[in-house]
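Okay, structure first, notes after.
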Amino acid sequence: MLGPRVWASVRPELSKALSKKMRGWASGEGRKIDIAGIYPPVTTPFTATAEVDYGKLEENLHKLGTFPFRGFVVQGSNGEFPFLTSSERLQVVSCVRQAMPKDKLLLAGSGCESTQATVEMTLSMAQVGADAVMVVTPCYYRGRMSSAALIHHYTKVADLSPIPVVLYSVPANTGLDLPVDAVVTLSQHPNIVGIKDSGGDVTRLGLIVHKTRRQDFQVLAGSAGFLLAAYALGAVGGVCALANVLGAQVCQLERLCLTGQWEDAQKLQHRLLEPNTASTDQLWLMVVWEIEPVTSETQA
């Protein structure tokens, strides 16, 4: 990340650039980025000596690039970002940017515990190729993470980010849900484009969609386990770990939902529930062979 002196020299120019960008949005010259679609949260492979295996990472990206994903998420929970150094986090983003198809979006997790560290990481990730950042809720002092505190944190990050910001709520890992009222307030920020909600509470997800409907703000489901329900409630896509293994099937579920084939979508969603919760290598191997796309033949 940037040192204090470098950050002090960069910040004035960054603020000018952001002010110009904000004026453009306000005058209608620019539109928020469209994040609709399916994203696999890319894993970070390690060697036997606990080093990032960049060769395997590129190999995985080449395989995933054959599916019709909207893009890729790196440095999410699936990417085990807490176990990486700052330089490793940036190198992973750079590696993925170079290995992935050029027409795909790259969402990079830049969240840190402090606002300044998050801003610095966000700026650095933009410099190495991220199209947008996904910012997880700070949680070490979660008892103090009120709506006001979180709004302040995300507003500062979005104000200074040169690329769009996606909110990230993952209570299973942070013990903290980003409050709906905070999401609604933040949805009005011109540089905050959406949220990835991994909580699995479809009532909450639907409420967020409803309360932000007048904003240019998009909702992504954080799991394939409730992807159909999310689409039915107005979400525009999902960041789904299952897509790393069953990419074709998750993309097919997306297509069925978008084309209104709800009965077929329900059948496929039911078949994906068990593999989505699989937690062992043996079970993953088993479901890869057992799950097939829904076709006229498999429906018979």
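We use all heavy atoms of the structure for the numbers below, so side chains are in, but hydrogens, waters and symmetry mates are not. Please read all numbers here as calculations on a predicted model, not as lab measurements.
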Apply side chain to side chain donor-acceptor pair (under 3.5 Å) to Gln98 and Ser94, showing your working. CA-CA 6 Å; Gln98 294 175 44; Ser94 178; 3.1 Å; yes
Go through the steps to decide whether Asp131 and Arg97 satisfy the test salt bridge (Lys or Arg N to Asp or Glu O under 4.0 Å), and finish with yes or no. CA-CA 9 Å; Asp131 295 305; Arg97 177 78 274 173; 2.8 Å; yes
Evaluate the side chain to side chain contact (heavy atoms under 4.5 Å, CB included) criterion for residues Val52 and Val92: first the C-alpha distance (whole Å), next the side-chain angles of each, then the deciding distance (0.1 Å), finally the verdict. CA-CA 8 Å; Val52 176; Val92 166; 4.1 Å; yes
The test is side chain to side chain contact (heavy atoms under 4.5 Å, CB included); show your working for Val42 and Asn78 and say whether it passes. CA-CA 7 Å; Val42 179; Asn78 222 47; over 6 Å; no
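Placement of Leu258 and Leu242 within a single hydrophobic cluster is found when ILVMFWY residues are connected by side-chain heavy-atom separations under 4.5 Å, directly or transitively. At a threshold of 4.5 Å between side-chain heavy atoms, the hydrophobic network of Ile, Leu, Val, Met, Phe, Trp and Tyr places Leu256 and Trp262 in one connected group.
The side-chain heavy atoms of Val245 and Pro275, taken from C-beta on, include no pair separated by under 4.5 Å. With contacts defined as side-chain heavy-atom distances shorter than 4.5 Å, the pair Val180/Lys211 qualifies. No side-chain heavy atom of Leu176 sits under 4.5 Å from any side-chain heavy atom of Pro171. Side-chain contact between Ile38 and Leu227 is present, with at least one heavy-atom pair separated by less than 4.5 Å. The side-chain heavy atoms of Thr137 and Tyr154, taken from C-beta on, include a pair separated by under 4.5 Å. Side-chain contact between Val170 and Tyr168 is present, with heavy atoms from C-beta onward closer than 4.5 Å. A 4.5 Å side-chain heavy-atom check between Gln249 and Leu253 finds every atom pair outside the cut-off. Lys196 places none of its side-chain heavy atoms less than 4.5 Å from the side chain of Leu167.
Of all non-hydrogen atoms in Ala99 and Glu58, the two that sit nearest each other are CB-CG, 4.1 Å. Among all heavy-atom pairs drawn from Gln269 and Ala224, the shortest one is NE2-O, 2.9 Å. Annotation for Arg89 and Cys112: closest pair NH1-SG, 3.9 Å, computed over non-hydrogen atoms.
Inspection of the Gln261 and Thr259 side chains reveals an N or O donor paired with an N or O acceptor under 3.5 Å. Counting only N and O atoms by type, the side chains of Ser87 and Gln91 include no donor and acceptor under 3.5 Å apart. Asn244 and Thr43 are not linked by any side-chain donor-acceptor pair at a separation below 3.5 angstrom, with hydrogens and angles left out of the test.
Of the possible donor and acceptor atoms, none in the side chain of Gln218 sits under 3.5 Å from a partner among the backbone N and O of Gly194. One N or O on the side chain of Ser146 and one on the backbone of Ala149 form a donor-acceptor pair closer than 3.5 Å. Thr212 places no side-chain N or O within donor-acceptor distance of the main-chain N or O of Gln215, the cut-off being under 3.5 Å. The backbone N or O of His152 lies less than 3.5 Å from no partner atom in the side chain of Thr155, so there is not a single donor-acceptor pair.
In the hydrophobic clustering (ILVMFWY side chains linked at under 4.5 Å, chained through shared members), Tyr140 is joined by Tyr141.
Within a 6.0 Å sphere centred on NE2 of His210, other residues, nucleotides and ligands contribute 12 heavy atoms or fewer. Enclosure of atom CZ in Arg213 by more than 12 non-hydrogen atoms of other residues, nucleotides or ligands within 6.0 angstrom is indicated.
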Name every donor-acceptor pair, under 3.5 Å, that has one atom in a side chain of residues 103-110 and the other anywhere in the protein, sequence neighbours excluded.
from, atom 1, to, atom 2, distance (Å)
Lys104, NZ, Phe69, O, 2.7
Ser110, OG, Thr122, OG1, 2.8

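Listed by first then second residue, pairs satisfying side chain to side chain donor-acceptor pair (under 3.5 Å) with a partner in residues 177-187 read Ser147-Asp181, Ser169-Asp177, not counting sequence neighbours.
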